[in-house]
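Structure first, then comments.
Residues: numbered from 1 along the sequence shown. It should be emphasised that the depicted structure is a prediction, and the values quoted were computed from it without experimental measurement.
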Amino acid sequence: MTEVLLYVLGILIFVIGLAVSIGLHEIGHLVPAKLFKVKVTQYMLGFGRTIWSKRKGETEYGVKLIPLGGYVAMTGMFPPGKPGEAPRASTTGFLNTVVQEGSALGTSGASKNAEARPDEAPKRGVVGMVEDARLASAESIDEGEDHRTFYRLAPWKKIIIMLGGPLMNLVLAFVFFAIVLVGFGVPQNSTTLGQVSECLVSASSTATSCSSDDPAAPAAAAGLRPGDTIISVDGTDITSWDQFRSIVSEAPGTSLAVRIERDGAEQTLQLTPVENERAVTDASGKVVENADGTVKTEVVGMIGATPASENVQQPITAVPAFLGENVQSVVGIVVRMPERMVDVWNAAFGSEARDPNGPISVVGVGRMAGEIVSLEDAPVAARAQTIIGLLGSLNVALFVFNLVPLMPLDGGHIIGAVYEWLKRGIARMLGRPDPGPIDTAKMAPVTMAVAVVLGAMLVLLVYADIVKPVSLFG
């Protein structure tokens with residue numbers, strides 16, 4: 001029963017972390033929008049039915065039923081289709097933008113157009129979709145407030161508003177990773193022995209215990225025990241396990257004076273590594289081959305001991321590199337998304353295993369959080385560290401995904417603002433009239449297509465995470 005409760009607690013922690021991450025993402029849009037005097041009518045967490053809301057000034061703040069998205073509604077996201085028409089309100093947000101705009105674009109454009117302009121024939125096809133985009137979630141702009149619409153902003157202000165959300169997720173990822181690396185530390189091999197083998201068994205052997213014919217391991221023969229800390233070898237101070245392993249590897253058949261600390265006291269033992277043949281690898285870990293295609297080998301020393309692991313706190317300067325590696329990894333997943341989704345399909349409906357480094361849905365991440373918190377033998381600190389790292393990775397995913405240059409994602413709006421900036425700049429350089437803001441409503445067909453594709457991907461990932469979930473522990 002306790003394990004089940006802990007599993008549910010893990011999922012709850014993840015849901016709260018996701019809601020906070022999305023909420024701060026939307027604040028990243030909200031704050032610069034208000035600073036630039038854009039009229040913001042709504043700030044909502046989640047999507048679906050509103051379960052709580054409160055109006056403060058001109059903005060309604062609220063929480064909706066399904067806490068997996070959010071949005072900020074700004075007036076005049078799309079410019080008017082014709083001079084003199086009123087601009088329309090629209091939203092910018094994560095997940096909920098897709099749901100809102102996608103569902104709105106899926107309604108009957110004919111009925112909306114007919115209702116809005118009874119004297120005009122209903123528009124269908126792409127033109128109708130563009131008109132629907134302008135009318136979707138429309139609010140009348142108060143008289144005299146046309147200057148507060150989003151589309152009238154300078155392009156650089158639009159970029160700041162749209163970039164604010166993803167950058168907030170990047171900052172959150174930095175904070176979470178800083179807690180993991182600087183606060184908890186990173187598991188590393190220590191100079192303390194974790195295990196000492198009694199004998200040396202061939203790598204090809206399936207034996208699980210020593211026999212009388214097996215040679216004694218040099219570490220055990222020298223009297224080394226688990227818990228011993230290596231201080232020096234032949235007078236050279238040992239500061240890392242890699243340093244000790246390198247000395248041992250280069251000394252097969254050579255007696256080494258190893259000074260250790262055991263139970264607070266120091267002593268010196270004589271250790272003689274035995275010869276062991278192993279494959280040569282390059283700097284990237286790839287096995288090196290000879291000219292005839294055979295694996296190149298080398299003779300190194302072996303003692304039959306492995307190190308204990310310890311958490312080593314990292315300097316704050318290590319966080320940017322760690323964050324960069326995570327961003328690079330997620331970018332790789334996004335770039336290869338079509339291929340990855342084929343793999344997910346094959347795993348969900350076939351016998352193939354899920355790729356633990358492939359895409360997963362929020363359902364899958366929630367299950368991971370439940371697994372982490374419900375681990376019985378893991379220390380509380382280790383579980384907390386893993387959960388915080390998971391939230392850091394989640395924010396990296398939100399940062400990268402929202403910068404995909406397609407509408408209705410933030411990246412699509414940013415590309416639109418950059419294009420407008422260049423277009424107006426070129427016109428100014430050539431002495432031509434200002435072409436004005438670009439009509440992003442014309443991207444409605446792309447928005448609809450992206451919404452459909454993202455919806456299909458989400459359904460597939462959720463299904464795969466239910467029938468064949470990715471587990472952190474195999």
Problem - Pairwise side-chain contact, Phe150 with Met162, heavy-atom cut-off 4.5 Å (strictly under) - result: yes
Exercise for the section: Taking side chain to side chain donor-acceptor pair (under 3.5 Å) as the test, write out the residues that go with Arg148, two or more places apart. Expected result: Glu58
Exercise for the section: Using modelled atom types only, decide if a donor and an acceptor are shared between the side chain of Lys468 and the backbone of Glu352 within a distance under 3.5 Å. Expected result: yes
Practice task
For Arg336, enumerate each residue passing the salt bridge (Lys or Arg N to Asp or Glu O under 4.0 Å) test, keeping only those at least two apart in sequence or located in another chain.
Solution key: Glu339
Practice task
Could you tell me whether the side chain of Ser309 and the main chain of Pro187 form a donor-acceptor pair under 3.5 Å?
Solution key: no
Handout entry: 4.5 Å side-chain heavy-atom contact, Thr229 and Thr191
Key = yes
Fill in the blank from the handout: Residue pairs passing the ring-ring contact (aromatic ring centres under 6.0 Å, His included) test with at least one member in residues 352-379, sequence neighbours excluded, are none
Completion exercise
So CG of Leu153 and CD1 of Ile161: to nearest 0.5 Å the spacing works out to 5.0 Å
Problem - Counterpart residues, salt bridge (Lys or Arg N to Asp or Glu O under 4.0 Å), relative to Glu261 (two or more places apart) - result: none
Problem - Step-by-step side-chain contact (heavy atoms from CB on, under 4.5 Å) determination, Asn189 to Phe244 - result: CA-CA 11 Å; Asn189 290 334; Phe244 176 66; over 6 Å; no
Exercise for the section: Check side chain to side chain donor-acceptor pair (under 3.5 Å) between Thr50 and all other residues, then give those that pass, not counting sequence neighbours. Expected result: Lys64
Problem - Any donor-acceptor pair under 3.5 Å from Gln313 side chain to Asn311 backbone - result: no
Practice task
Determine, step by step, whether Thr75 and Thr149 satisfy the side-chain contact (heavy atoms from CB on, under 4.5 Å) criterion, reporting the C-alpha distance in whole Å, the side-chain angles of both residues, the deciding distance to 0.1 Å, and the verdict.
Solution key: CA-CA 5 Å; Thr75 58; Thr149 53; 4.3 Å; yes
Handout entry: From CG (Leu390) to CE (Met368), nearest 0.5 Å
Key = 7.0 Å
Handout entry: Distance (rounded to the nearest 0.5 Å) between Ile415 CD1 and Leu406 CG
Key = 9.5 Å
Using atom types as modelled, flag every donor-acceptor pair under 3.5 Å from a side chain in residues 4-21 to any protein atom, sequence neighbours excluded.
| residue | atom | partner | partner atom | Å |
| --- | --- | --- | --- | --- |
| Ser21 | OG | Gly17 | O | 2.8 |
| Ser21 | OG | Asn395 | OD1 | 3.4 |
| Ser21 | OG | Asn395 | ND2 | 3.0 |

Exercise for the section: Work out which heavy atom in Val319 is nearest to a heavy atom in Ala178; give both atom names and the distance. Expected result: CG2-CA, 3.8 Å
Practice task
Give a yes or no on whether the backbone of Pro469 and the side-chain of Arg354 come within a donor-acceptor separation of less than 3.5 Å.
Solution key: no
Exercise for the section: Given side-chain contact (heavy atoms from CB on, under 4.5 Å), test Met337 with Met457 step by step and report yes or no. Expected result: CA-CA 10 Å; Met337 188 61 73; Met457 289 171 52; 3.5 Å; yes
Practice task
Taking all heavy atoms of Pro166 and all of Asp410, pick out the closest pair and write down the distance.
Solution key: CD-OD2, 3.5 Å
Exercise for the section: If a pair satisfies ring-ring contact (aromatic ring centres under 6.0 Å, His included) and one of its residues is in residues 343-398, list it, with sequence neighbours excluded. Expected result: Trp345-Phe349, Phe349-Tyr463
Practice task
Sequence neighbours left out, what pairs pass ring-ring contact (aromatic ring centres under 6.0 Å, His included) with at least one residue falling in residues 166-191?
Solution key: Phe177-Phe322
Practice task
Compare all side-chain heavy atoms of His413 with those of Lys158 and state whether any distance is below 4.5 angstrom.
Solution key: no
Exercise for the section: Please tell me if the side chains of Leu24 and Val171 come closer than 4.5 Å, counting only heavy atoms from C-beta onward. Expected result: no
Problem - Gap between atom CD1 of Ile238 and atom CZ of Arg245 - 0.5 Å precision - result: 12.5 Å
Exercise for the section: Return the set of residues passing salt bridge (Lys or Arg N to Asp or Glu O under 4.0 Å) with Arg424 (not counting sequence neighbours), or none when no residue passes. Expected result: Glu420, Asp434
Exercise for the section: Output yes when a side-chain donor or acceptor of Thr386 lies under 3.5 Å from a complementary backbone atom of Ala382, and no otherwise. Expected result: yes
Handout entry: For Arg55, all residues meeting side chain to side chain donor-acceptor pair (under 3.5 Å), sequence neighbours excluded
Key = none
Exercise for the section: Kindly say whether Asn357 contributes a backbone atom to a donor-acceptor pair with the side chain of Arg340 at under 3.5 angstrom? Expected result: yes
Problem - Non-neighbouring partners of Arg428 that pass salt bridge (Lys or Arg N to Asp or Glu O under 4.0 Å), sequence neighbours left out - result: none
Completion exercise
Looking only at heavy atoms, the pair that brings Met407 and Gly412 closest together is SD-C, 3.6 Å
Handout entry: Neighbour count above 12 (heavy atom, 6.0 Å) for Glu310 CD
Key = yes
Practice task
Find out whether Met341 and Pro359 are in side-chain contact, i.e. whether some heavy atom of one side chain is under 4.5 Å from a heavy atom of the other.
Solution key: yes
Completion exercise
Output for pair (Thr239 OG1, Ile230 CD1), nearest 0.5 Å, gives 12.5 Å
Problem - Beyond-backbone contact of Asp343 with Asp355, side-chain heavy atoms, under 4.5 angstrom - result: no
Problem - Considering all heavy atoms, the nearest Ala173-Val396 contact - result: CB-CG2, 3.7 Å
Exercise for the section: Answer yes or no: is there a side-chain heavy-atom contact under 4.5 Å between Glu60 and Met44? Expected result: yes
Exercise for the section: Considering non-hydrogen atoms only, spot the tightest contact between Phe401 and Leu454 and give its length. Expected result: CZ-CD2, 3.7 Å
Practice task
To the nearest 0.5 Å, tell me how far Phe399 CZ sits from Leu167 CG.
Solution key: 6.0 Å
Exercise for the section: With sequence neighbours excluded, give me every ring-ring contact (aromatic ring centres under 6.0 Å, His included) pair touching residues 350-388. Expected result: none
Handout entry: Backbone N/O of Trp241 and side chain of Gln188: donor-acceptor pair under 3.5 Å
Key = no
Handout entry: From CA spacing to verdict: side-chain contact (heavy atoms from CB on, under 4.5 Å), Leu323, Leu170
Key = CA-CA 9 Å; Leu323 178 60; Leu170 189 64; 3.9 Å; yes
Handout entry: Ser361 backbone acceptor or donor facing Asp465 side chain under 3.5 Å
Key = yes
Completion exercise
Looking only at heavy atoms, the pair that brings Val344 and Ala464 closest together is CG1-CB, 3.6 Å
Practice task
Evaluate the side-chain proximity of Arg367 to Val470: yes if any heavy-atom separation is below 4.5 Å, no if none is.
Solution key: no
